[in-house]
Amino acid sequence: MAQALRLAALGLNTTTPNPRVGCVLAHGDRVVGEGWHRRAGEPHAEVHALAQAGEDARGATAYVTLEPCSHHGRTPPCADALIAAGVRRVIAAMVDPNPLVAGQGLARLRAAGIDAQEGLLEADARELNIGFVSRMTRGRPWVRLKAAATLDGKTALSNGVSQWITGEAARVDGHRWRARACAILSGIGTVRSDDPQLTVRAVPCERQPLRVVVDPRLDLSPTARVLDGIPVLVACATADAARARTLEARGAEILELPHEMGRVDLAALLRELGRRGINELHGEAGRSLNGAMLDAGCVDELLLYVAPILVGDTAQGLLRLPEMTDLSQAHRLRFHDLRVVGHDLRILARLQPSD
């Protein structure tokens, strides 16, 4: 199963909107077939493993990181393929959270006389597909906010200068996280001040994530670099017709999601992205949108690169949040991963559910 998970991770950047899945076919310790899902519309991991195994698949045990599918999507059911190949046993790391499957694949295998089990290295399998699980169970993507900050928690000087707080290794690592995401989110403030491309450039990437800009009043300039190349989704609170037409002429799609006080309904935006098959949303925004996302309960984890420098209290902070009068109001997180990247510290911290 560990090898199946390693194979599944090969599709980290390519399988969206599908889950990352790997499969190993073995007779005891002898592996006879391996496979992993590469991209939507192409054969699933089980099909690749069965093709490699050929006749050796008969009587084998299949180790697969996600329950074999039982429905006709873009490809035929993998459960049927395993049955037809004559495998003796199927061990899935986890049940598929997709309501179209959700135990039915394992049930179909058992009905055919195959010993089908689940739960081996389940936590690892869930971690690999954390965004897919989120979309299937909550109807919205897993949201990760990324930021670079100084040791005293500042993301830019008071004049807005922020390049570069962290070193090159941290910036390259940040692009790896962009590459695995289905979409990259930013706000109009960041787009106006930094004119970012919001694309994957520092690492190889077969497909560029969807770019999403939160722009309540459609202030996005038609010359902004984010409008170059692939289409951009612009979420606004009020769609001025003339501005909308100008941006649409540059390839933008305008999505009107009004909320109170002229803001964009962030929760509605996440639901819409989930409907569009976005599993992982990677946010790179400023303190205003970061704070609004956190305050609205729209953040699952923070990806924070901390540089060993100090810039003082006049610099810009990480988040803009309402004033708190008691520590019980604080947003609490749990450290999930800590490691040194170049000269900087990378912190992956997950929001703790409120009591």
Side-chain angles (χ1 to χ4, degrees), residues 1-54 56-57 60-69 75 78-79 81-82 85 87-98 101 105-106 116-134 136 142 144 172-182 200 202-207 209 279-280 282 301 303 336-339 341 346 348:
M1 188 62 78
Q3 172 61 5
L5 286 164
R6 284 190 287 268
L7 290 168
L10 295 175
L12 190 69
N13 303 343
T14 61
T15 63
T16 181
N18 287 358
R20 301 134 180 165
V21 183
C23 179
V24 173
L25 292 169
H27 288 277
D29 293 334
R30 183 170 66 92
V31 173
V32 295
E34 295 182 335
W36 54 280
H37 182 47
R38 289 161 172 78
R39 56 187 61 82
E42 295 188 7
H44 290 184
E46 298 94 321
V47 174
H48 285 297
L50 289 170
Q52 188 179 101
D56 283 338
T61 295
Y63 298 88
V64 60
T65 59
L66 187 69
E67 174 187 9
C69 61
T75 58
C78 291
L82 292 167
V87 300
R88 179 182 62 86
R89 190 181 182 206
V90 174
I91 301 176
M94 61 177 287
V95 172
D96 193 333
N98 187 343
V101 185
L106 293 172
Q117 303 176 28
E118 50 86 14
L120 181 62
L121 298 184
E122 179 177 359
D124 300 271
R126 283 187 172 274
E127 190 67 29
L128 185 62
N129 281 307
I130 196 165
F132 181 75
V133 172
S134 175
M136 288 296 125
W142 180 264
R144 178 183 303 114
V172 171
D173 191 69
H175 275 253
R176 292 192 184 97
W177 288 91
R178 281 188 183 186
R180 67 173 284 170
C182 307
V200 181
V203 297
C205 185
E206 294 184 20
R207 51 103 205 154
N279 294 329
E280 292 186 22
H282 178 90
E301 67 184 9
L303 177 64
H336 182 73
D337 184 79
L338 298 167
R339 65 184 65 191
V341 177
R346 190 186 79 190
L348 189 65

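Just so it is clear, the values below take in all heavy atoms, side chains as well, and ignore hydrogens, waters and symmetry mates.
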| field | Audit row: Glu118, Glu67, side chain to side chain contact (heavy atoms under 4.5 Å, CB included) steps and yes/no | value | CA-CA 8 Å; Glu118 50 86 14; Glu67 174 187 9; over 6 Å; no
| request: Test Glu206 against Arg38 for side chain to side chain contact (heavy atoms under 4.5 Å, CB included), laying out the working first. | output: CA-CA 11 Å; Glu206 294 184 20; Arg38 289 161 172 78; over 6 Å; no
| request: May I have the step-by-step check of side chain to side chain contact (heavy atoms under 4.5 Å, CB included) for Asp56 and Leu25, ending in yes or no? | output: CA-CA 9 Å; Asp56 283 338; Leu25 292 169; over 6 Å; no
| task | With side chain to side chain contact (heavy atoms under 4.5 Å, CB included) as the test, would you mind laying out the steps for Trp142 and Glu301 before giving the verdict? | result | CA-CA 8 Å; Trp142 180 264; Glu301 67 184 9; 3.2 Å; yes
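Using modelled atom types, no side-chain atom of Arg346 and backbone atom of Arg339 make a donor-acceptor pair closer than 3.5 Å.
The nearest pair of heavy atoms linking Gly22 to Ala8 is N-CB, 3.3 Å. For Gly105 against Ala79, the heavy-atom pair with the smallest separation is O-CB, 4.0 Å. Residues Pro97 and Leu66 approach most closely at CD-CD1, 4.1 Å, considering heavy atoms. Across every non-hydrogen atom of Met1 and Val64, the tightest pair is CE-O, 3.5 Å. Scanning both residues, Val95 and Leu106, for their nearest heavy atoms gives CG2-CD1, 4.1 Å. Between Val101 and Pro68 the shortest heavy-atom distance is CG1-O, 3.9 Å.
Rounding to the nearest 0.5 Å gives a distance of 9.5 Å between SG of Cys69 and CG of Asn98. Here the CG-CZ distance, from Leu128 to Arg6, works out to 12.5 Å after rounding to the nearest 0.5 Å. Atom CD of Glu127 is separated from atom CG of Leu5 by 11.5 Å, given to the nearest 0.5 angstrom. How far CH2 of Trp177 is from CG of Leu348: 5.0 Å, rounded to the nearest 0.5 Å. Atom-to-atom distance recorded for Asn129:CG and Asn279:CG is 8.0 Å, nearest 0.5 angstrom.
Within the 4.5 Å cutoff, no side-chain heavy atoms of Thr65 are placed close to those of Met94.
Residue pairs satisfying the ring pair (Phe, Tyr, Trp, His ring centres under 6.0 Å) criterion with at least one member in residues 18-42, sequence neighbours excluded, are listed as follows: His37-His44.
Checking Arg207, Arg180, Arg39, Glu280 one by one against Thr16, the side-chain contact (heavy atoms from CB on, under 4.5 Å) holds for a single residue, Arg207.
Qualifying salt bridge (Lys or Arg N to Asp or Glu O under 4.0 Å) partners for Arg88, counting only residues two or more places apart in sequence or in other chains: none.
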